[in-house]
Amino acid sequence: MIDLTYSSYTAFYLYLVMLLVQWAVATFSKAKQPNAIPGKIDENLSHDSFVFRAHRTFQNTLENSALFVGTVLFAFLLNVQSPVFAICVWVYLAARVVHMVLYYVISTEKNPSPRTYFFLIGLLANVVMLVMLGLRLI
């Protein structure tokens with residue numbers, strides 16, 4: 001069971017590294033733009049701009065981080081050592097990495113975009129983790 005716990009810790013650590021990478025890509029791609037203003041993104045940008053996509057990738061991950069981070073930290077606090085939970089953490093991480101890559105490389109206004117499916121996979125993994133925690137508390 002300790003290997004599974006360690007595996008979840010590793011996936012959580014890699015999630016935080018991914019978040020740092022997204023911040024760096026968004027920050028430095030924007031800073032390279034002519035007349036870049038710190039803290040502001042040009043409101044005329046859209047999906048055809050890598051700066052916009054990098055910014056949205058980071059913002060989207062931040063918007064979804066509270067639920068994931070809260071869920072995982074709560075599970076760590078409860079000492080959850082479940083293979084299903086560990087798999088869900090890894091699935092969430094993998095889904096978010098693919099979501100990130102697709103956001104970086106695909107310029108589309110189409111809805112749903114291909115990245116939407118990976119968002120949904122991550123969401124489902126998070127819901128499964130929350131249900132597991134709820135059942136543990138009963």
Side-chain angles (χ1 to χ4, degrees):
M1 290 295 195
I2 292 174
D3 290 338
L4 288 173
T5 301
Y6 183 76
S7 172
S8 296
Y9 292 163
T10 302
F12 188 66
Y13 169 77
L14 292 174
Y15 179 80
L16 296 174
V17 169
M18 180 196 72
L19 194 58
L20 178 65
V21 167
Q22 288 180 0
W23 167 82
V25 170
T27 299
F28 294 116
S29 66
K30 183 181 147 311
K32 289 181 182 178
Q33 298 302 300
N35 303 317
I37 300 171
K40 286 185 88 176
I41 188 163
D42 185 346
E43 45 189 64
N44 296 319
L45 295 178
S46 188
H47 284 89
D48 59 334
S49 163
F50 180 79
V51 171
F52 174 85
R53 293 192 316 272
H55 174 76
R56 280 304 310 143
T57 301
F58 179 56
Q59 292 302 310
N60 187 274
T61 298
L62 285 179
E63 292 160 3
N64 290 280
S65 285
L67 182 61
F68 175 70
V69 169
T71 301
V72 172
L73 291 180
F74 190 40
F76 291 167
L77 183 70
L78 293 176
N79 198 26
V80 171
Q81 296 184 16
S82 160
V84 174
F85 190 87
I87 289 167
C88 286
V89 175
W90 281 102
V91 166
Y92 185 88
L93 173 65
R96 293 306 301 181
V97 167
V98 173
H99 179 273
M100 172 185 73
V101 170
L102 289 175
Y103 225 144
Y104 287 161
V105 299
I106 295 177
S107 170
T108 182
E109 302 280 335
K110 181 181 165 190
N111 194 14
S113 74
R115 67 182 180 271
T116 302
Y117 302 110
F118 292 93
F119 164 78
L120 292 172
I121 290 168
L123 178 63
L124 179 61
N126 210 134
V127 168
V128 170
M129 289 186 285
L130 278 172
V131 168
M132 289 179 68
L133 289 178
L135 292 174
R136 170 108 182 218
L137 293 172
I138 292 176

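Throughout, numbering of the chain's residues begins at 1 and tracks the sequence. Any value given below was found using the heavy atoms of this structure, including those in side chains, with hydrogens, waters and symmetry copies removed. Being a predicted model, the structure only gives us computed values, none of them experimental.
- Side-chain heavy-atom separations under 4.5 angstrom define the hydrophobic clusters, and the remaining members of the one that includes V127 are F119, L120, L123, V131, L135, I138.
- Residues A95 and I121 share a closest heavy-atom pair of CB-CG2, 3.9 Å.
- Using a 4.5 Å heavy-atom cutoff, the side chains of L93 and Y13 are not in contact.
- Cluster partners of L130, using a side-chain heavy-atom cutoff of under 4.5 Å among ILVMFWY residues and allowing indirect links, are L67.
- Neither W23 nor V101 shares a network with the other; the hydrophobic side chains, linked directly or stepwise wherever heavy atoms of I, L, V, M, F, W or Y lie under 4.5 Å apart, form separate groups for each.
- Between N79 and R136, the shortest heavy-atom contact is O-NH1, 3.7 Å.
- Evaluation of the salt bridge (charged side-chain N to carboxylate O under 4.0 Å, His left out) rule for R115 yields no partner, not counting sequence neighbours.
- Sorted by first then second residue, the salt bridge (charged side-chain N to carboxylate O under 4.0 Å, His left out) pairs that include residues 15-35, not counting sequence neighbours, number zero.
- Y103 is listed as a side-chain neighbour of H47, based on a closest heavy-atom distance under 4.5 Å.
- Taking S49 as the reference, nothing meets the side-chain hydrogen bond (donor to acceptor under 3.5 Å, both in side chains) condition, with sequence neighbours excluded.
- Under the salt bridge (charged side-chain N to carboxylate O under 4.0 Å, His left out) criterion, the residue pairs touching residues 63-78 are R56-E63, with sequence neighbours excluded.
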- Show the numbers, then the answer: is there a side-chain contact (heavy atoms from CB on, under 4.5 Å) between N44 and F52? CA-CA 9 Å; N44 296 319; F52 174 85; over 6 Å; no

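- Take L77 and apply the side chain to side chain contact (heavy atoms under 4.5 Å, CB included) test, not counting sequence neighbours, and it matches F74.
- There is no path of hydrophobic side-chain contacts, each under 4.5 Å, that joins Y6 to F85.
- L78 places a side-chain heavy atom less than 4.5 Å from the side chain of L137.
- Expressed to the nearest 0.5 Å, how far OG1 of T71 lies from CG of N126 amounts to 4.0 Å.
- Of all the heavy atoms in V97 and M18, the pair that sits closest is CG2-SD, 3.7 Å.
- Take Y92 and apply the ring pair (Phe, Tyr, Trp, His ring centres under 6.0 Å) test, not counting sequence neighbours, and it matches Y15, F68.
- Evaluation of the side-chain hydrogen bond (donor to acceptor under 3.5 Å, both in side chains) rule for T10 yields no partner, not counting sequence neighbours.
- Put simply, CD on Q22 and CD on Q59 are 10.0 Å apart, with the number rounded to the nearest 0.5 Å.
- The heavy-atom pair separating C88 from M129 by the smallest distance is CB-CG, 3.4 Å.
- T27 places no side-chain N or O within donor-acceptor distance of the main-chain N or O of A24, the cut-off being under 3.5 Å.
- Heavy-atom minimum distance, V89 versus A11: CG1-CB, 3.4 Å.
- Both L14 and L73 belong to a common hydrophobic cluster when Ile, Leu, Val, Met, Phe, Trp and Tyr are linked at side-chain heavy-atom distances under 4.5 angstrom.
- Scanning all heavy atoms of the two residues, the minimum distance from A54 to V25 falls at CB-CG1, 3.9 Å.
- By the side-chain hydrogen bond (donor to acceptor under 3.5 Å, both in side chains) test, N60 is found to be paired with N64, R96, residues two or more places apart in sequence or in another chain being considered.
- Scanning for ring pair (Phe, Tyr, Trp, His ring centres under 6.0 Å) contacts around F12 gives F76, with sequence neighbours left out.
- Taken from OG1 in T57 to NE2 in H99, the straight-line distance is 7.0 Å, to the nearest 0.5 Å.
- Cluster annotation: F58 and V51 are assigned to distinct hydrophobic clusters (Ile/Leu/Val/Met/Phe/Trp/Tyr, side-chain heavy-atom contacts under 4.5 Å, transitive).
- In the hydrophobic clustering of ILVMFWY residues, with side-chain heavy atoms under 4.5 Å counting as a link, V21 and F28 come out apart.
- S113 is not listed as a side-chain neighbour of I106, based on a closest heavy-atom distance of 4.5 Å or more.
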- Take L102 and V98 through the test side-chain contact (heavy atoms from CB on, under 4.5 Å) and record every step on the way to the result. CA-CA 6 Å; L102 289 175; V98 173; 3.9 Å; yes

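- Residues forming a side-chain hydrogen bond (donor to acceptor under 3.5 Å, both in side chains) with D48 (at least two apart in sequence, or on another chain): none.
- Taking the six-membered ring for Trp and thresholds of 30 and 60 degrees, F50 and Y104 have ring planes inclined between 30 and 60 degrees apart.
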